[in-house]
Student: 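I am attaching a structure below and will ask some questions about it afterwards.
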Protein chains: 2
Amino acid sequence: MATMCNMAKTYGQHCPIARALDVVGERWSLLIVRELLLGPLRYTDLRAALPGIGTRVLADRLKHLADEGVIEMRRLPPPASADAYQLTAWGEKLRPVASALAAWGSSLTGRPRRGDARSPTSAMMALWRRALVRPRPPAGRWQLLLDGQAFELSVDDAGTMARRGESTAPDGTAALAASDAIALLDGRLTFGDAAQSGRVDLRGRMTDQVFSGLFGA
Amino acid sequence: MATMCNMAKTYGQHCPIARALDVVGERWSLLIVRELLLGPLRYTDLRAALPGIGTRVLADRLKHLADEGVIEMRRLPPPASADAYQLTAWGEKLRPVASALAAWGSSLTGRPRRGDARSPTSAMMALWRRALVRPRPPAGRWQLLLDGQAFELSVDDAGTMARRGESTAPDGTAALAASDAIALLDGRLTFGDAAQSGRVDLRGRMTDQVFSGLFGA
DNA sequence: CGGAATCCTCTTCGATACTG
DNA sequence: CAGTATCGAAGAGGATTCCG
């Protein structure tokens with residue numbers, strides 16, 4: 001049955017870690033959360049962002065996460081005629097979990113594996129983490145076009161925020177491939193090499209200095 | 001085949017979160033790590049601490065975690081004639097991940113589910129988290145006997161540490177059931193009720209005040 | 001006795017095809 | 001576009017057995 005009782009398989013332990021894993025510990029769940037941490041996405045976008053997930057599993061996970069209150073569906077008004085999934089306030093609180101996992105796993109991304117996908121979202125999250133760790137990232141509203149997908153990184157006194165979508169009146173824009181962005185952040189590509197081969201397109205007040213301030217080692 | 005290529009199923013993404021989940025994202029893996037965060041354990045102890053895991057899955061997970069460098073086996077000298085699994089230095093760095101997950105999942109443990117196991121380890125980790133969050137936990141080397149299993153919580157200027165095992169020269173000892181410890185920490189049991197029904201045994205300098213300082217709301 | 005490997009059944013995954 | 005239907009392959013869980 002597809003519509004069985006939704007409490008599929010629990011660890012059966014009264015422990016906050018076990019309970020958390022009952023909710024988001026299934027395969028793919030935390031990667032769905034990772035995608036939604038930068039903003040709402042539609043079903044098809046999620047499937048495209050998670051190569052190999054299989055539509056059945058994606059539907060199951062979305063249902064489970066919605067039942068548990070981690071995500072919710074937002075029905076867009078008629079002109080758009082599309083449903084988007086987004087994190088609830090409680091789901092947003094998974095950000096420290098994603099951050100801790102990313103910090104631990106970042107020791108693994110130095111040597112890339114052949115064939116690994118480099119999604120715009122993971123590139124953007126890596127850039128965000130870099131900006132959060134950095135002492136003084138360049139302030140401004142920076143638009144990033146990663147494989148053509150738009151993101152905004154805004155740095156001001158209130159903090160550093162990242163989200164999906166085009167920036168309204170950005171201070172500057174950088175367009176590059178997601179794989180190059182990741183290579184820059186991993187230190188496998190220098191800004192000089194990237195700029196020289198014309199793979200980075202900077203606009204507005206996104207100067208070399210700003211770009212290096214965001215991506216540099 | 002049992003001894004197939006050990007890179008069973010990868011997300012195939014060059015993203016630190018995905019890579020981290022390739023290593024510790026499988027079912028049961030993070031609960032094994034949770035157990036080992038308080039100190040080494042033998043195979044049989046792990047199986048007892050994780051009801052429902054199944055010996056095959058436990059053996060597979062231990063092998064995978066060892067291959068990835070998260071845990072290692074320590075062969076005890078002849079008299080013990082037993083092997084213990086422990087975290088490597090890298091595996092120890094999963095502590096923030098466990099902590100973030102526990103913080104997120106703690107909103108789920110307020111209403112306990114019927115039949116949930118209350119393991120001594122999860123009780124001890126909850127107590128530890130409480131002590132870490134608390135402004136000034138009572139300083140000293142406190143021994144806890146949870147369901148008869150010994151733990152030590154040491155609080156001094158250097159910080160708050162928890163580990164499995166008997167304490168040498170503890171300042172005081174508290175013996176109680178793991179389920180009562182969890183109920184106290186969750187606020188479902190008051191110290192008055194627990195003491196009145198004789199379910200808490202305090203020794204040495206583990207006074208009512210100290211105990212309340214460790215477990216109290 | 002601790003530490004698994006084997007066997008068996010059941011569920012889940014992942015891929016493809018199909019439908020409102 | 002957003003899912004459901006179907007199916008072979010892989011994984012989980014439980015009991016038993018084997019090995020040191």
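The sequence lines fix the lettering, A, B, ..., with proteins before strands; numbering per chain opens at 1.
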Student: Which residue in the set Leu94(B), Leu87(B), Thr121(B) passes side-chain contact (heavy atoms from CB on, under 4.5 Å) when paired with Leu37(B)?
Tutor: Leu87(B)
Student: Check the distance between dG11(D)'s C1' and Lys9(A)'s NZ and give it to me in whole angstrom.
Tutor: 9 Å
Student: If a pair satisfies ring pair (Phe, Tyr, Trp, His ring centres under 6.0 Å) and one of its residues is in residues 162-187 of chain B, list it, with sequence neighbours excluded.
Tutor: none
Student: Rounding to an integer number of Å, can you tell me how far Glu26(A) CD sits from dG14(C) P?
Tutor: 12 Å
Student: If you apply the rule side chain to side chain contact (heavy atoms under 4.5 Å, CB included), what do you find for Leu65(B) with Tyr85(B), and how did you get there?
Tutor: CA-CA 10 Å; Leu65(B) 291 173; Tyr85(B) 294 92; over 6 Å; no
Student: Picking from dT6(C), dA5(C), dG3(C), which would you name as closest to the side chain of Arg56(B)?
Tutor: dT6(C)
Student: Look at atom CZ of Arg188(B) and say whether more than 12 heavy atoms of other residues, nucleotides or ligands are closer to it than 6.0 Å.
Tutor: yes
Student: So, does Lys63(A) get its side chain near the phosphate of dT4(D), meaning an N or O under 4.0 Å from OP1 or OP2?
Tutor: yes
Student: Taking only side-chain nitrogens and oxygens of Trp28(A), does any of them come within less than 4.0 Å of OP1 or OP2 of dC13(C)?
Tutor: no
Student: Is the centre of the Trp28(B) ring less than 6.0 Å from the centre of the Tyr11(A) ring?
Tutor: yes
Student: Less than 4.0 angstrom between a side-chain N/O of Arg47(B) and OP1 or OP2 of dA4(C), yes or no?
Tutor: no
Student: Rounded to the nearest angstrom, tell me the gap between atom CG in Leu58(B) and atom P in dA4(C).
Tutor: 8 Å
Student: Of all the choices, dT12(C), dG11(D), dA12(D), which nucleotide is nearest to the side chain of Val57(B) once you look at every atom?
Tutor: dA12(D)
Student: Between His64(A) (NE2) and dT12(C) (P), how many Å, whole number?
Tutor: 11 Å
Student: In whole angstrom, what separates Ile53(B)'s CD1 from dA12(D)'s P?
Tutor: 10 Å
Student: Over how many whole Å does the gap from Leu50(B) atom CG to dG13(D) atom P extend?
Tutor: 11 Å
Student: dG3(C), OP1 or OP2 - any side-chain N/O from Thr44(B) closer than 4.0 Å?
Tutor: yes
Student: For a quick test of reading the model: is some side-chain N or O of Tyr85(A) closer than 4.0 Å to OP1 or OP2 of dG3(D)?
Tutor: yes
Student: Can you figure out which of dA4(C), dG2(C), dA2(D) approaches the side chain of Tyr43(B) most closely?
Tutor: dA4(C)
Student: What's the CG-P distance between Asp83(A) and dC1(D), to the nearest Å?
Tutor: 13 Å
Student: Would one find a side-chain N or O of Thr55(A) under 4.0 angstrom from OP1 or OP2 of dG3(D)?
Tutor: no
Student: Specify the separation, in whole Å, of atom CZ of Arg61(A) and atom P of dT4(D).
Tutor: 14 Å
Student: Would you kindly compare Ala59(A) and Arg27(B) by the position of their nearest DNA chain D nucleotide and give the one closer to the 5′ end?
Tutor: Ala59(A)
